[in-house]
Number of protein chains: 2
Amino acid sequence: MASQSKENYLKALFHLDQKDKAISVTELGKVMEVKKSSVTNMVKKLAESGWLKYEKYQPIRLTKKGRKAAALIIRKHRLTEMFLVTKMGFGWEEVHDIAEQMEHIDSPILFDKMDELMDSPRFDPHGSPIPSKDGTLHATHFYPLDSFKQNDIVLLKALRHSEHTFLEYLNSKELKLHEQIAIHSIEPFDKSMIVSYGKHTHVVLSATISTNLMCEKVGDI
Amino acid sequence: MASQSKENYLKALFHLDQKDKAISVTELGKVMEVKKSSVTNMVKKLAESGWLKYEKYQPIRLTKKGRKAAALIIRKHRLTEMFLVTKMGFGWEEVHDIAEQMEHIDSPILFDKMDELMDSPRFDPHGSPIPSKDGTLHATHFYPLDSFKQNDIVLLKALRHSEHTFLEYLNSKELKLHEQIAIHSIEPFDKSMIVSYGKHTHVVLSATISTNLMCEKVGDI
DNA sequence: AAAATTTGTTAGTTATAGCTAACTTATTAA
DNA sequence: TTAATAAGTTAGCTATAACTAACAAATTTT
């Protein structure tokens, strides 16, 4: 495939692409933490190799080929994260940086083996879906905790993002994926919630937290 | 640490260093599969960062710092190989290329975890010693099968090299590491041997094979 | 000891991937 | 609708790490 740098651009493009709106040079530069001029340069090269379509001053559009390549890199990343957590005993807050490097490893047998050893997991440790081998990423239908109502019972299915500090916070609250959460009340003023889950009853979750907890309703109190 | 390319130079230098004789630019170039001019250039840079000592037209000498850095890269390589074989079910002929990439991953916790999960293995799947965490590589005292005598019983402890075809050959003969080998006779003309091991009796091993099987004597027939 | 060969170095080129500075195009505000 | 701002591009520079071609030093052979 492409160089590590190119793979990172493809990955970033894939993520921006998911948010449906047009992808700009400036935006891509922000995500990649490089200057706009560097982006213009790189995007030209990626266009030459058919990973994306690009015309001066126009939005960047991934091609089917580019989208598939990106999905397969993300597949390697997420399979690795899941392997590290389920087979090696790492915490979900430890695996991102390792997977960030492992995703560039060129070895189909390695990732096939991980997949096999884990019986083809569909989600990574943070609840993000793992693209399938053909580069397909099926959409999930989870909604932020703050979009549910009082007396709803939900399951925590994914995190909107996986920043280290956020994961550490959830660890400190012993709030894990697939945990059942009961919404006792919602404070109208700051949207903070009083919830119960696992062995914790009547815990306060701020709106900052609850917007990032992606859930699925399973019943009522 | 250094770039991937620099790490590969250090590794090559370490291996050449083990063969005690002075390291030349030409030799290093052959191992690295680059032109001599590229070596001269790189060696200058490595010298500037203190990985080695170098003066024009003089042999290259690794510094203590360089030797340690190299040993730690080799540690990552060999730990990975062992992990892939013992924890993931790969064959010893499949792991080199993967480890070659994984050895550049910057993540102490990953390799510490592998080490822990395997209870600090001392050898990799091909019998090569794994440098310890402080960069020490203890010498092994194994000798090629062809240096033993008729009626000696030995254990296969390591391979002199691990080329894919050689490993495949050993697989086809069902000859594994730690297998006990009894030397029945040695053909004086071509130094081929008739040996028995496992469930195989009176198998012929050519000198080409036996020189690459590093063994340790455990008794007599 | 001179000639031939091998070994090693230097200078200059290429590709990748970033940067700054200057400029152009597009969009938004006055 | 002009002016200001934001977005995007171009040109030229830097570092890494390879290369070739030409040359210099060291070693071997005759």
Side-chain angles (χ1 to χ4, degrees), chain A residues 1-14 16-17 19-62 66 69-70 73 100-101 103-106, chain B residues 1-14 16-17 19-62 66 69-70 73 100-101 103-106:
Chain A
M1 229 285 284
S3 68
Q4 228 157 286
S5 187
K6 290 198 176 100
E7 290 194 346
N8 286 335
Y9 273 92
L10 285 177
K11 213 178 23 142
L13 281 162
F14 187 92
L16 290 173
D17 199 47
K19 316 189 192 157
D20 60 87
K21 65 179 168 55
I23 303 166
S24 70
V25 166
T26 303
E27 213 176 3
L28 183 51
K30 272 177 193 150
V31 175
M32 291 297 298
E33 296 183 289
V34 299
K35 301 296 172 199
K36 288 178 296 177
S37 57
S38 306
V39 173
T40 303
N41 266 305
M42 183 56 99
V43 154
K44 281 181 186 171
K45 286 183 208 157
L46 291 170
E48 271 170 35
S49 321
W51 306 109
L52 51 83
K53 292 287 177 192
Y54 166 70
E55 268 162 302
K56 268 193 188 182
Y57 300 104
Q58 290 312 117
I60 302 156
R61 289 167 303 137
L62 270 179
I73 297 161
E100 204 66 14
Q101 298 180 67
E103 73 192 6
H104 300 295
I105 286 182
D106 175 23
Chain B
M1 227 283 285
S3 68
Q4 227 157 285
S5 188
K6 290 200 175 97
E7 291 194 346
N8 286 334
Y9 273 92
L10 285 177
K11 212 176 27 140
L13 281 161
F14 187 91
L16 289 172
D17 199 46
K19 316 189 193 159
D20 60 85
K21 65 178 168 58
I23 303 166
S24 70
V25 166
T26 304
E27 214 175 3
L28 184 52
K30 272 177 193 151
V31 175
M32 291 298 298
E33 295 183 288
V34 299
K35 302 296 172 202
K36 289 179 295 178
S37 58
S38 307
V39 174
T40 303
N41 266 306
M42 183 56 98
V43 155
K44 281 181 186 171
K45 286 183 209 157
L46 291 170
E48 271 172 34
S49 321
W51 306 109
L52 51 83
K53 293 285 176 194
Y54 165 71
E55 269 163 300
K56 268 192 188 183
Y57 299 104
Q58 291 311 117
I60 301 156
R61 290 166 304 137
L62 270 180
I73 296 161
E100 203 67 15
Q101 298 180 67
E103 73 192 6
H104 300 296
I105 286 182
D106 175 24

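Numbers restart at 1 for each chain; the letters A, B, ... are given by sequence-line order, proteins then strands.
In this structure, the CG atom of B/L28 is 14 Å from the C1' atom of D/dA18, given to the nearest Å. Residue B/Y9 contributes atom OH, which lies 11 Å from atom C1' of D/dT16 at whole-angstrom precision. In this structure, OH of A/Y54 is placed 6 Å from P of D/dT10, rounded to the nearest angstrom. Here the C1' atom of nucleotide C/dT10 and the NZ atom of B/K56 are 8 Å apart, to the nearest Å.
The residue A/S38 sits close to a base: some heavy atom pair falls under 4.0 Å. When heavy atoms are screened at a 4.0 angstrom cut-off, A/S3 is found touching the sugar-phosphate backbone but no base atom.
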What pairs of nitrogen or oxygen atoms, one from the protein and one from nucleotides 22-28 of chain D, lie under 3.5 Å apart?
{"from": "D/dA25", "atom 1": "O4'", "to": "B/Y57", "atom 2": "OH", "distance (Å)": "3.4"}

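With sequence neighbours excluded, the residues that form a side-chain contact (heavy atoms from CB on, under 4.5 Å) with A/N8 are A/K11, A/M32, A/E103, A/H104. The side-chain contact (heavy atoms from CB on, under 4.5 Å) check on B/S24 picks up B/T26, B/E27, with sequence neighbours excluded. For A/K19, there are no side chain to side chain donor-acceptor pair (under 3.5 Å) partners at least two apart in sequence or on another chain. With sequence neighbours excluded, no residue satisfies salt bridge (charged side-chain N to carboxylate O under 4.0 Å, His left out) with A/K36.
Within residues 30-37 of chain A, the residues having any heavy atom under 4.0 Å from DNA chain D are, by residue number, A/K36, A/S37. Residues from residues 39-51 of chain B placing a heavy atom under 4.0 Å of any atom in DNA chain C, listed by number, are B/T40, B/K44.
Contact check for B/I23 versus B/R61: no side-chain heavy atoms found under the 4.5 Å cut-off. For the pair A/V39/A/V34, a side-chain contact is recorded, criterion being any heavy-atom separation below 4.5 Å from C-beta on.
Closest approach of B/A70 to B/L10, counting heavy atoms only: CB-O, 3.5 Å.
To the nearest 0.5 Å, the span separating CD on B/E7 from CG on B/D106 amounts to 8.5 Å. The OH atom of A/Y9 lies 6.5 Å from the CG atom of A/L28; values are rounded to the nearest 0.5 Å.
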N/O donor to acceptor pairs below 3.5 angstrom from side-chain atoms of residues 44-54 of chain A, sequence neighbours left out:
{"from": "A/S49", "atom 1": "OG", "to": "A/K45", "atom 2": "O", "distance (Å)": "3.2"}

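No donor-acceptor distance shorter than 3.5 angstrom exists from the side chain of B/D17 to the backbone of B/L13, with no hydrogens or angles considered.
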